[in-house]
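Comments concern the structure below.
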Amino acid sequence: MAPPKIPRERFSANLAKSRARTEKSTFVRQTYRQPRADARKTAKKWFAEYPKAAYWTQVESWRLLEGDVVEFTMRRLPTAD
């Protein structure tokens, strides 16, 4: 059984709250809105340039938009130290 979907307004509000809490965070974030194939390439490039083990790189959030477009936020530490 598929999990219930969150209404778009609530999703947007939750994402805004989360980003407001993390403004003081040490993480570097970048949000993209790209076609699915380009989004995969971008995420793979982040993981290649900033390995997960050293930078804690991850896809912080993502959602599908109309026209097979993906909006997603990548997150990583600024340095591997």
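Note that these values count all heavy atoms, side chains included, but never hydrogens, waters or copies made by symmetry.
Ala39 and Val70 get closest at one heavy-atom pair: CB-CB, 4.1 Å. Listed here is the closest heavy atom pair of Val59 and Phe72: CG1-CB, 4.3 Å.
Expressed to the nearest 0.5 Å, how far CD of Gln34 lies from CG of Leu65 amounts to 11.5 Å. Between the CE atom of Met74 and the CZ atom of Arg29 there is a distance of 12.0 Å, given to the nearest 0.5 Å. Note that CH2 of Trp46 and CD of Gln58 are 11.0 Å apart. Values are rounded to the nearest 0.5 Å. Distance check, rounded to the nearest 0.5 Å: CG of Asp38 to CZ of Arg33 gives 14.5 Å.
Residues forming a salt bridge (Lys or Arg N to Asp or Glu O under 4.0 Å) with Arg40 (at least two apart in sequence, or on another chain): none. Residues satisfying the salt bridge (Lys or Arg N to Asp or Glu O under 4.0 Å) test with Arg76, not counting sequence neighbours, are none.
In the hydrophobic cluster analysis, where Ile, Leu, Val, Met, Phe, Trp and Tyr join through side-chain heavy atoms closer than 4.5 angstrom, Val69 is grouped apart from Trp62. Both Tyr32 and Leu64 sit in one connected hydrophobic cluster of ILVMFWY residues. Membership requires side-chain heavy atoms under 4.5 Å apart, directly or through other members.
In this structure, Phe27 and Trp56 have tilted ring planes: the angle between them lies in the 30° to 60° band.
Looking at heavy atoms from C-beta onward, Val28 lies out of side-chain contact with Tyr50 at the 4.5 angstrom threshold.
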